[in-house]
Structures are given as structure tokens and as C-alpha cells.
Amino acid sequence: MRKEVGIYKTTILDYILGYILLLQGDYVVKLEQCQMIDLPKIADPRGNLTFVEGGGHVPFEIKRVYYLYDVPGGSQRGGHAHKELHQLIIAMSGSFDVLIDDGFQKKKIHLNRSYNGLYVCPMIWRELDNFSSGSVCMVLASNKYDEEDYYRDYNDFFRATRIQK
Ligand code: TYD
């Protein structure tokens, strides 16, 4: 079932507190840290080649690689945030949309190239959808799988953004 960002009981106080933090400069705009990263592309008539080196092309050491594939049309993946994990999301094949949300602002990015990727820093709620047929989403991650690192409830994530420095 599709989860929608924003389905949580936000109170006016949550927003007021958040924007006081913004005005005080206590809050780093995390969405701005999530940038597209261009990877090297060795163009060749026999087929192109792209490579990724941990600590070089991505701003973290790569400790894990996982990928989503055989995604049925209309599916949504993601729908969580990570406390400390850094990630690079690449459309290895086909295309899909990534919604990123730092608790203050949201942005949707369409990924459709295998020679660039979206860097997602910690404390970003993310959702992936609009997968094209046969698409493959590869994620390079800075740490091994750890369920303790997840926010799976948007409400918990949202509140945590209000105490971030
Ligand atoms: P999850 O990260 O929750 O993906 P999504 O939010 O798109 O559903 O992962 C789905 C399941 O796979 C979950 O039970 C945890 C497991 N998993 C691992 O065991 N190792 C991994 O590296 C990842 C990413 C997930």
C-alpha cells in the first residue's frame, strides 16, 4: 500500500517550533546537502563504462551495495529515513522518482542515468516510485544494514528533525 508523506498528526506547534529553529539558525538545511553526483563515464562505441570509488566519487566509504529490481508498476519503495546512513541512489537501468524530505522542505527528483546519482545525507525521509518497466535502482551505502538506524514512522522522523542541530 502506498504511504504518503505528510500523513501524520502534525500540530501547529510542531511547525512553529521548526521555524523558530530555522530562524535561530540552529537548523542546517539538509535538503541542500542532497546533490546529484556525476560519475566518470568512459564513452566507448562498444558500450559505455562508469565506475565509482568509495571516498573519491562519493563523500563516504562504501560498506554496502543493494539494489531494487523486478519492481511492479505502481510500486512504492523507501518510505523511511536513516539516522546516520549516507547513500548514493543510481538508476542503473530505466527510471524512477525519488522524493526527499528533510522535515522542512520536500523535493522530487527523476533519476534516469546510470552515470550519475543522488547523494542522500542522513536524516532525510525518502520515497521511491514511478518505476519504469525493467528499472534497476542501485544504492551505495556508508554502512551495513542496521534496523536501529531507520525511522520508519514519518511522525517520529518529523519530530526528530525538530531537535536536530
Ligand atoms: P527496506 O530498507 O525497508 O526497503 P523499503 O523501505 O524499500 O521497503 O528493506 C526491505 C527489507 O529488506 C527489510 O526487511 C530489511 C531488508 N534489508 C536487508 O536485510 N538488508 C539491506 O541491506 C536492506 C536495504 C534491506
Side-chain angles (χ1 to χ4, degrees), residues 1-5 27-154 156-158 160-161 164-165:
M1 193 171 122
R2 189 183 165 83
K3 287 179 266 177
E4 296 282 352
V5 162
Y27 175 75
V28 181
V29 183
K30 294 222 158 45
L31 215 58
E32 288 175 4
Q33 295 175 29
C34 298
Q35 299 283 348
M36 290 302 294
I37 292 181
D38 286 325
L39 299 168
K41 178 181 173 186
I42 314 290
D44 191 309
R46 298 170 301 162
N48 300 330
L49 185 151
T50 285
F51 56 97
V52 190
E53 293 178 358
H57 302 119
V58 292
F60 54 86
E61 282 298 329
I62 300 165
K63 292 209 179 139
R64 177 167 52 115
V65 178
Y66 67 91
Y67 35 96
L68 301 169
Y69 54 99
D70 292 345
V71 181
S75 267
Q76 189 208 38
R77 300 297 311 233
H80 60 248
H82 285 281
K83 296 171 188 170
E84 295 189 356
L85 195 72
H86 298 256
Q87 300 162 92
L88 185 77
I89 305 177
I90 303 171
M92 294 302 284
S93 181
S95 64
F96 49 85
D97 292 339
V98 186
L99 178 90
I100 51 174
D101 172 352
D102 66 2
F104 293 89
Q105 299 168 30
K106 298 170 192 177
K107 190 155 75 171
K108 191 171 258 196
I109 293 145
H110 185 64
L111 295 184
N112 61 355
R113 298 277 181 258
S114 39
Y115 54 84
N116 60 29
L118 175 66
Y119 166 66
V120 178
C121 68
M123 290 303 291
I124 298 285
W125 186 268
R126 63 178 183 73
E127 299 187 358
L128 288 79
D129 65 6
N130 195 25
F131 287 89
S132 68
S133 167
S135 56
V136 178
C137 166
M138 183 173 78
V139 182
L140 310 180
S142 65
N143 221 334
K144 293 186 179 168
Y145 172 74
D146 175 11
E147 188 59 34
E148 291 297 305
D149 189 58
Y150 280 74
Y151 282 108
R152 293 205 181 264
D153 181 283
Y154 189 82
D156 294 343
F157 161 74
F158 183 86
T161 63
Q164 283 284 308
K165 295 267 172 173

Using side chain to side chain contact (heavy atoms under 4.5 Å, CB included) as the criterion, list what pairs up with Ile37, not counting sequence neighbours. Leu39, Pro59, Leu88, Tyr119

For Asp97, enumerate each residue passing the side chain to side chain contact (heavy atoms under 4.5 Å, CB included) test, keeping only those at least two apart in sequence or located in another chain. Lys108, His110, Asp129, Asn130

Pair listing, side-chain hydrogen bond (donor to acceptor under 3.5 Å, both in side chains) test, anchored in residues 53-63, at least two apart: none

How long is the straight-line distance from [atom2] of [Y] back to [atom1] of [X], given to the nearest 0.5 Å?
{"X": "Asp101", "Y": "Lys30", "atom1": "CG", "atom2": "NZ", "value": "12.5 Å"}
{"X": "Tyr154", "Y": "Trp125", "atom1": "OH", "atom2": "CH2", "value": "8.0 Å"}
{"X": "Leu85", "Y": "Ile124", "atom1": "CG", "atom2": "CD1", "value": "12.0 Å"}
{"X": "Phe60", "Y": "Glu84", "atom1": "CZ", "atom2": "CD", "value": "14.5 Å"}
{"X": "Ser114", "Y": "Asn48", "atom1": "OG", "atom2": "CG", "value": "8.0 Å"}

Donor-acceptor pair, distance only, cut-off 3.5 Å: does the side chain of Asp102 make one with the backbone of Leu31?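 Yes: the side chain of Asp102 pairs with the backbone of Leu31.
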
Report the C-alpha separation of Cys34 and Cys121 in whole Å, then their side-chain angles, then the decisive distance to 0.1 Å, and conclude whether the side chain to side chain contact (heavy atoms under 4.5 Å, CB included) test is met. CA-CA 6 Å; Cys34 298; Cys121 68; 4.0 Å; yes

Determine, stepwise, if the pair Asn116 / Lys41 fulfils side chain to side chain contact (heavy atoms under 4.5 Å, CB included). CA-CA 9 Å; Asn116 60 29; Lys41 178 181 173 186; over 6 Å; no

Name all residues meeting the ring pair (Phe, Tyr, Trp, His ring centres under 6.0 Å) criterion together with Tyr150; count only those two or more places apart in sequence or in a different chain, and write none if there are none.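 Tyr150 satisfies ring pair (Phe, Tyr, Trp, His ring centres under 6.0 Å) with His80, His82, Tyr145 once adjacent residues are dropped.
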
What pairs with Phe131 under ring pair (Phe, Tyr, Trp, His ring centres under 6.0 Å), at least two apart in sequence or on another chain? Phe96

Which pairs count as salt bridge (Lys or Arg N to Asp or Glu O under 4.0 Å) when at least one residue sits in residues 139-149, sequence neighbours excluded? Glu147-Arg152

Applying side-chain hydrogen bond (donor to acceptor under 3.5 Å, both in side chains), can you list everything that pairs with Arg113, at least two apart in sequence or on another chain?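 Arg113 satisfies side-chain hydrogen bond (donor to acceptor under 3.5 Å, both in side chains) with Tyr115 only.
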
Could you list the donor-acceptor pairs under 3.5 angstrom formed by side chains in residues 134-143, with sequence neighbours left out?
| unit_1 | atom_1 | unit_2 | atom_2 | d |
| --- | --- | --- | --- | --- |
| Ser135 | OG | Ser132 | O | 2.8 |
| Ser142 | OG | His86 | N | 2.9 |

Listed by chain and number, what are the salt bridge (charged side-chain N to carboxylate O under 4.0 Å, His left out) partners of Asp44, not counting sequence neighbours? Arg46

Verify the neighbour count for atom OH of Tyr69: are there more than 12 heavy atoms of other residues, nucleotides or ligands below 6.0 Å?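 No, not enclosed.
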
Any heavy-atom pair between the side chains of Ile100 and Leu118 that's under 4.5 Å?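 They are in contact (side-chain heavy atoms under 4.5 Å apart), so the answer is yes.
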
